[in-house]
Amino acid sequence: MSEQQQHLYLVDGSSYIFRAYHRLPPLTNPEGTPVGAVYGYTTMLWKLADDLDAADGPTHLAVILDKSSHSFRNDIYPEYKANRPDPPEDLRPQFPLIRDATRAFSLPCIEEEGLEADDLIASYARAAQRQGWHVTIVSSDKDLMQLIGEVGGARIDMLDTMKSARIYIPEVEEKFGVAPELVGDVLALMGDSVDNIPGIYGVGPKTASKLIAEHGSLTAALDSAPEMKKSKLKERLLEGRKDAEMSRVLVTLKEDCDLPQPLDEMRIEKIPEEPLADFLEQHGFTSLLRRLGSGNGSPERANNLHPAKADTQGDAGDVEGNRQPLPEMPAIDRGAYETVQTMDRLEDWVRRAVAARLVAVDTETSSLDSMQADLVGVSLAIGPNDACYIPFGHGGTDLLSEKPEQLDRSAALKTLQPMLADPSVTKVFQNGKYDLNVLARYDLQVSPIEDTMVISFDLDAGRGEGMGGGHGMDELSQRHLGHTALTFKEVCGTGKKQIPFGEVPLDRATEYAAEDADITLRLYHHMKSRLAIEGGTRVYERVDRPLIPVVAQMEREGIKVDRAQLARLSEEFAKEIGRLEGEIHNLAGQEFSVGSPKQLGEILFDKLGHKGGKKGKSGQYSTDQSVLERLAGDGAPIANKVLEWRQLSKLKSTYTDALQEAINPDTQRVHTSYSLVGAQTGRLSSTDPNLQNIPIRTALGRQIREAFVPENGNILLAADYSQIELRLAAHMADVDTLKDAFAKGEDIHSRTATEMFGEVTRDTRAQAKTINFAILYGISRWGLAGRLEVEPDEAQEMIDTYFKRFPGIQRYIAETLETVGERGYSETLFGRKTWFPRIKSKNQAERQGSERAAINAPIQGTSADIIKRAMVRMLPALKDAGLADVRMLLQVHDELVFEMPESDVSAASNVIERVMAEAALPAVKLDVPLAIDIGTGTSWDAAH
DNA sequence: CGGATCACG
DNA sequence: GACGTACGTGATCCGA
């Protein structure tokens, strides 16, 4: 035969990845993170590609994937596949990678809306068979066995790559007891619990095979039932006839689908190596990469195999170091976006989003404050450039502006609602906490969610310098996609000319809003795969991702403040400030602005001639607290007055005035905004207003805390971790003496004093306390000397003593600096990374600063991980205990504040204490107990 | 808009 | 030989 026998391989990609996930161990990587299924899939394609030159190997090859969850079978039987559990959490992110892998092999990847993979496979197989080709279906799905057999010399068979087994007629007969053409009849009788095909109750594979083999067809078997002897089986066949007939339709493969891509385009000769190498490299599949034509791996390439390590080899300050090879996506095309203006179009988008199981969502609003923001539109993205904007709140904010054609808001939201709440549809956001809160104002719950901002933080904390700590969308788009996104300023203007988003014309608004969703989805695909490879999955999935809705809820709860009390304090402080200002001017002999450190410095040191004025690099005298305290000690009455004035000014402007303005007019409560990505160590930060720095250290300041109150009849409860950072230091540095002290519940600073000085006095305990903190922050003899007001030599002796008494500490510091120097990042006990790009800087100050931060980050970060885990578990635990009325309001790094009915206090205390104390478990078993102090009262101050 | 100052853990 | 001294935040004010 002169013409070569064509042989089409059809790979059932979707079913393969499920089996690979369950059968293969997770890919060995430092974190044991899940890229196992993708790896299995990649090796499978590899094996197939290896057979390209074999006698019976593929001449044509395509991968078929399930795209939609909805098919004609659902129209026949709505419950079809309704029992399918959601894919496991750590499998989900691997789905998009399957497409990447397929593209990396330069193979066609076929998926079609409304068609299941099986139907596409059947249609392609038959089409090829009609042309006289051989066909091999790479799958082990029993439904597909119906297709096996030969027509006019053209053979269809199956290949189970996992078992390396060819499946042809004898194998089918062995499994089902019938020829392939009758497999559908057997399946119709036995049903399938996974796909929710009813079959006939009480009829399993054995009975089904026997019946079909005996009677030759389903119809014949059912027809024979009336003549059967009286039995359970007879009854069931008679009763279940309808079910069986419907099942027969469900298991029938649709063999006449339109083929999205012609057979000829599936021809393959040779796999191009370049894209494949890029893919293998990107995902760290090193053994395959090496096999890819040995000698092909250039030195450069070899160095990039471990992205995390490679980054630290070169210039540590290079933020571009984490740049990944760009995934193959079309360039952003704003012209491709749709403005959704009819319900029909909206319904279509929602249906497609549900089918895709993954959709990026972005809300456009009238305000940056999610507690006051009105929704003006929502954008969705389902794929690259496949994005839309749904406006419903545009125009009409002033009399001049006309309302454009747009949907009714409540109708639009009602249509979006089921998709947003659908547990099988993942919603991807950039800073989802904001959108969650906005949508909550319209009673919309959203779950499950992913957040590209948080993913970026878990990958790259410490690497970025820009706004949003380097995790803002514009920056991520630039860095990862090489694309400059439209900015809010470009669309809405800036300063006085700024217009609300609702006044932006729809075509422009669509470009901006849909682009944001498009970018978000692209970023998600880009970064989610890095998460597993670089070991960020653990902290993202177990800590930060579940925390998002929890923190969102805390923000919505807010806390009540006593406006009258704050107003009283403001007035009181104002009087006192005025009085002090007069005295200060008197003492200075002239009027000046007390709030200007520049003027004050000149008064103190030039005019009044006080000594020890030190100018900083700005050429200005320093007048900070320590300087003024020294002057006061030297007998300068003006210094004390300025100190008092400063304290009162601070309290008034930052707290008593500002907090009154922060009261939300709708809820009459103060709602802070927590940043999940604000602190490089993994801590939260709080803004607008900052409720993590409310005064507590002075009596005057504590009056402000008194203004934080519960609703009438309720109680505030404050629970804080006692000495958590020192406990973690004791554990992490493995210091027996300190661990022992914590185990016995001793005062840790007293114990330190005993160890270092032999005795505990007020003085030695205070010194020990200072040293303990100095350790946590990365000590230097000059720093300690300054704090303790001793000579650097003496401070050095104390440090030496400390290291001698607690040798683990010195080892911990050395080891931490060594690994951070090697890898470029530090790690918490829960795997959170913080990057230190300047740790190798030639600038000594810069380098030493990084070193101190690197010593502190694992401790501060682990503490943050622990309280975050407690927060994630807290409300479910309280609910389980029947305490659904307890509300979690605030987090202040090592403290949680709750509000609850007075009657719940005792039971809630127990639950809160337990959840916090056990928050590290089971992931980490600490050598020290975590002690919790709990207080209650009718103000935040009283609860301490 | 950066620096200085000071509130918190 | 100079550097510049405790980690992590955010808000306010001043003054260029």
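Letters A, B, ... are given to chains in the order of the sequence lines, protein chains preceding strands, and every chain is numbered from 1.
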Determine whether a donor-acceptor pair (N or O, by modelled atom type, separation under 3.5 Å) exists between the side chain of A:R781 and the backbone of A:D793. no
Has A:S649 got a side-chain N or O lying under 4.0 Å from the OP1 or OP2 atom of C:dT12? no
Would the base of C:dC14 count as contacting A:K598 through its side chain, where contact means a donor and an acceptor less than 3.5 Å apart? no
Roughly how far apart, to the nearest Å, are C:dA6 and B:dC6 at atom P? 16 Å
Remember a base hit wins even if backbone is also touched, and classify A:N693 as base, sugar-phosphate or nothing at under 4.0 Å, heavy atoms. base
Base, sugar-phosphate, or nothing: which does A:A658 touch, judged by heavy atoms less than 4.0 Å apart? sugar-phosphate
For A:R781, answer base if it contacts any base atom (sugar-phosphate contacts may also be present), sugar-phosphate if it contacts only those atoms, and nothing otherwise; contact means non-hydrogen atoms under 4.0 Å. nothing
To the side chain of A:A679, which of C:dT9, C:dA6, B:dT5 is closest? C:dT9
Taking 4.0 Å as the cut-off, does a side-chain nitrogen or oxygen of A:S653 come that near to OP1 or OP2 on C:dT12? no
Could you tell me if A:Y621 and A:D606 have a donor-acceptor pair between their side chains, going purely by distance under 3.5 Å? yes
Nearest to the side chain of A:F773 - C:dA6, C:dG4, C:dG8? C:dA6
If you take atom types as modelled and just measure distance, does the side chain of A:Q625 reach the base of B:dC6 with a donor-acceptor pair under 3.5 Å? no
Does C:dT12 have a Watson-Crick or wobble mate here (both distances under 3.5 Å), and if so which one? B:dA4
Regarding A:K652 and the six-membered ring of A:F573, is the cationic atom NZ or CZ under 6.0 Å from the ring centre and inside 45° of its axis? no
Of A:Q860 and A:S780, the one whose closest DNA chain C nucleotide lies more 5': A:S780
From the options C:dG4, C:dG10, C:dG8, select the nucleotide whose nearest atom is closest to the side chain of A:S685. C:dG10
Below 4.0 angstrom from OP1 or OP2 of B:dG9, is there any side-chain N or O of A:R697? yes
Figure out the CG/C1' separation between A:N772 and C:dC7, and round it to whole Å. 15 Å
Taking the side chain of A:Y777 as heavy atoms from C-beta outward, which of C:dG4, B:dT5, B:dG9 is closest to it? B:dG9
Kindly say if A:Q692 contacts the phosphate of C:dG8, meaning a side-chain N or O under 4.0 Å from OP1 or OP2. no
Check this for me, if you would: do A:E576 and A:R579 make a salt bridge, where the nitrogen-to-carboxylate-oxygen distance has to be below 4.0 angstrom? yes
Heavy atoms only, 4.0 Å cut-off, all strands: where does A:L776 land among base, sugar-phosphate and nothing? nothing
A:Q620, nearest nucleotide to its side chain (from C:dG4, B:dA4, C:dC7): B:dA4
Would you tell me whether A:S686 and A:Q692 have side-chain atoms, one donor and one acceptor, within less than 3.5 Å of each other? no
So does A:R787 reach the base of C:dA6 with its side chain, donor to acceptor, closer than 3.5 Å? yes
Could you state the atom-to-atom distance from CD1 of A:I867 to C1' of C:dG8 in whole Å? 15 Å
With a 4.0 Å cut-off on heavy atoms, is A:E895 in touch with a base, just the backbone sugar-phosphate, or nothing at all? nothing
Please confirm whether the shortest side-chain N or O distance from A:T623 to OP1 or OP2 of B:dT5 is below 4.0 Å. yes
Taking the side chain as C-beta and beyond, is there a heavy-atom pair between A:D688 and A:D369 under 4.5 Å? no
When all nucleic acid strands are considered with a 4.0 Å heavy-atom cut-off, which category describes A:D720: base, sugar-phosphate, or nothing? nothing
Base, sugar-phosphate, or nothing for A:S850, non-hydrogen atoms under 4.0 angstrom? nothing
Euclidean distance for P, B:dT5 against C:dT5 (whole angstrom): 13 Å
Between A:S622 and B:dT5, is there a side-chain N or O to OP1/OP2 distance below 4.0 Å? yes
What contact category does A:I696 fall into here, base, sugar-phosphate, or nothing, at under 4.0 angstrom with non-hydrogen atoms? sugar-phosphate
A:T681 has its side chain closest, among B:dA7, C:dG10, C:dG8, to C:dG8
For a quick check, tell me whether the side chain of A:R852 and the base of C:dG8 share a donor-acceptor pair closer than 3.5 Å. no
Side-chain H-bond candidate by donor/acceptor type, A:D657 with A:S570, under 3.5 Å: yes
